[in-house]
Visitor: 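Below: one structure in structure tokens.
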Amino acid sequence: MAEKESEVKATHRLDVLGFYCPVPVVKTRQTLHKLTNGDVLEVLADDPETLHDMPLLLNRSQHQLLGIVNENGEIRFTIEVIK
């Protein structure tokens, strides 16, 4: 997926900066499970593996990856919750 900025404002935020695989994906999955349909989760990570792992997680679910921004070693994923 090409890196792009999402126009949608997040309703929830998950900061997993400083954590490495598999923690960012596990925490994201747990958080998505707690949210409701239509919520937008912003995940902040700095593990480069999340650029590969996060889309894989979301491809196995109904949730939609709205955008990825990778700046200065910080990766921001914007995810719409679809249940």
Side-chain angles (χ1 to χ4, degrees):
M1 171 173 219
E3 295 177 9
K4 60 182 178 177
E5 178 137 14
S6 173
E7 305 272 331
V8 178
K9 296 293 182 193
T11 58
H12 296 79
R13 188 176 197 202
L14 175 63
D15 183 341
V16 288
L17 294 170
F19 291 95
Y20 295 95
C21 185
V23 175
V25 171
V26 170
K27 294 281 188 189
T28 299
R29 186 179 333 133
Q30 291 171 343
T31 302
L32 288 169
H33 183 71
K34 296 175 186 175
L35 299 178
T36 59
N37 193 46
D39 286 343
V40 177
L41 176 63
E42 178 182 76
V43 180
L44 300 175
D46 55 0
D47 178 3
E49 288 298 315
T50 60
L51 288 168
H52 176 262
D53 296 343
M54 201 68 70
L56 286 176
L57 167 70
L58 297 171
N59 284 338
R60 296 180 192 136
S61 72
Q62 295 180 328
H63 307 301
Q64 184 175 0
L65 181 59
L66 300 176
I68 302 171
V69 176
N70 186 356
E71 293 180 331
N72 302 320
E74 184 175 296
I75 307 158
R76 181 177 50 213
F77 299 92
T78 306
I79 304 164
E80 181 179 3
V81 177
I82 300 174
K83 292 189 175 184

Visitor: Once you round to the nearest 0.5 Å, how far does OG1 of T31 lie from CG of L14?
Guide: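 Atom-to-atom, T31:OG1 and L14:CG are 4.5 Å apart.
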Visitor: Who pairs with R29 by salt bridge (Lys or Arg N to Asp or Glu O under 4.0 Å), at least two apart in sequence or on another chain?
Guide: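 R29 satisfies salt bridge (Lys or Arg N to Asp or Glu O under 4.0 Å) with no other residue.
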Visitor: Applying side-chain contact (heavy atoms from CB on, under 4.5 Å) between L65 and each of L57, N59, L58, report the one that passes.
Guide: L58
Visitor: For F19, which residues count as a side-chain contact (heavy atoms from CB on, under 4.5 Å) partner, sequence neighbours excluded?
Guide: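 For F19, the residues satisfying side-chain contact (heavy atoms from CB on, under 4.5 Å) (neighbours in sequence not counted) are V16, V23, P24.
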Visitor: Working to the nearest 0.5 Å, report the span between CZ of F77 and CG of D53.
Guide: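 The CG atom of D53 is 8.5 Å from CZ of F77, to the nearest 0.5 Å.
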Visitor: Measure the shortest side-chain to side-chain distance between V43 and R76 over non-hydrogen atoms and say whether it is less than 4.5 angstrom.
Guide: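 With C-beta onward as the side chain, the pair stays apart.
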Visitor: Atom NE2 in H63, atom CD1 in I82: separation rounded to 0.5 Å?
Guide: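 Answer rounded to 0.5 Å: 8.0 Å.
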Visitor: Name each donor-acceptor pair under 3.5 Å that joins a side chain in residues 32-42 to protein atoms two or more places apart or in another chain, with its distance.
Guide:
unit_1: T36; atom_1: OG1; unit_2: D39; atom_2: OD2; d: 3.2
unit_1: N37; atom_1: OD1; unit_2: K83; atom_2: N; d: 3.0
unit_1: D39; atom_1: OD2; unit_2: T36; atom_2: N; d: 2.9
unit_1: E42; atom_1: OE1; unit_2: R13; atom_2: NE; d: 3.1

Visitor: Between M54 and T28, what is the shortest heavy-atom contact and its length?
Guide: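 Heavy atoms of M54 and T28 come nearest at CE-OG1, 3.5 Å.
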Visitor: With a 4.5 Å cut-off on side-chain heavy-atom distances among I, L, V, M, F, W and Y, is there a chain of contacts connecting L66 to L44?
Guide: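 No: no chain of side-chain contacts under 4.5 Å links L66 to L44.
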Visitor: What are the two closest heavy atoms between T78 and V8, and how far apart are they?
Guide: CG2-O, 4.3 Å
Visitor: So, the side chain of N72 versus the backbone of E74: is there a donor-acceptor pair under 3.5 Å, distance only?
Guide: no
Visitor: Nearest 0.5 Å, please: how far is CG in D46 from CG in N70?
Guide: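 Between N70 CG and D46 CG, I get 10.5 Å after rounding to 0.5 Å.
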Visitor: Output the distance between atom OG1 (T11) and atom CD (E80), rounded to the nearest 0.5 Å.
Guide: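 The distance works out to 9.5 Å.
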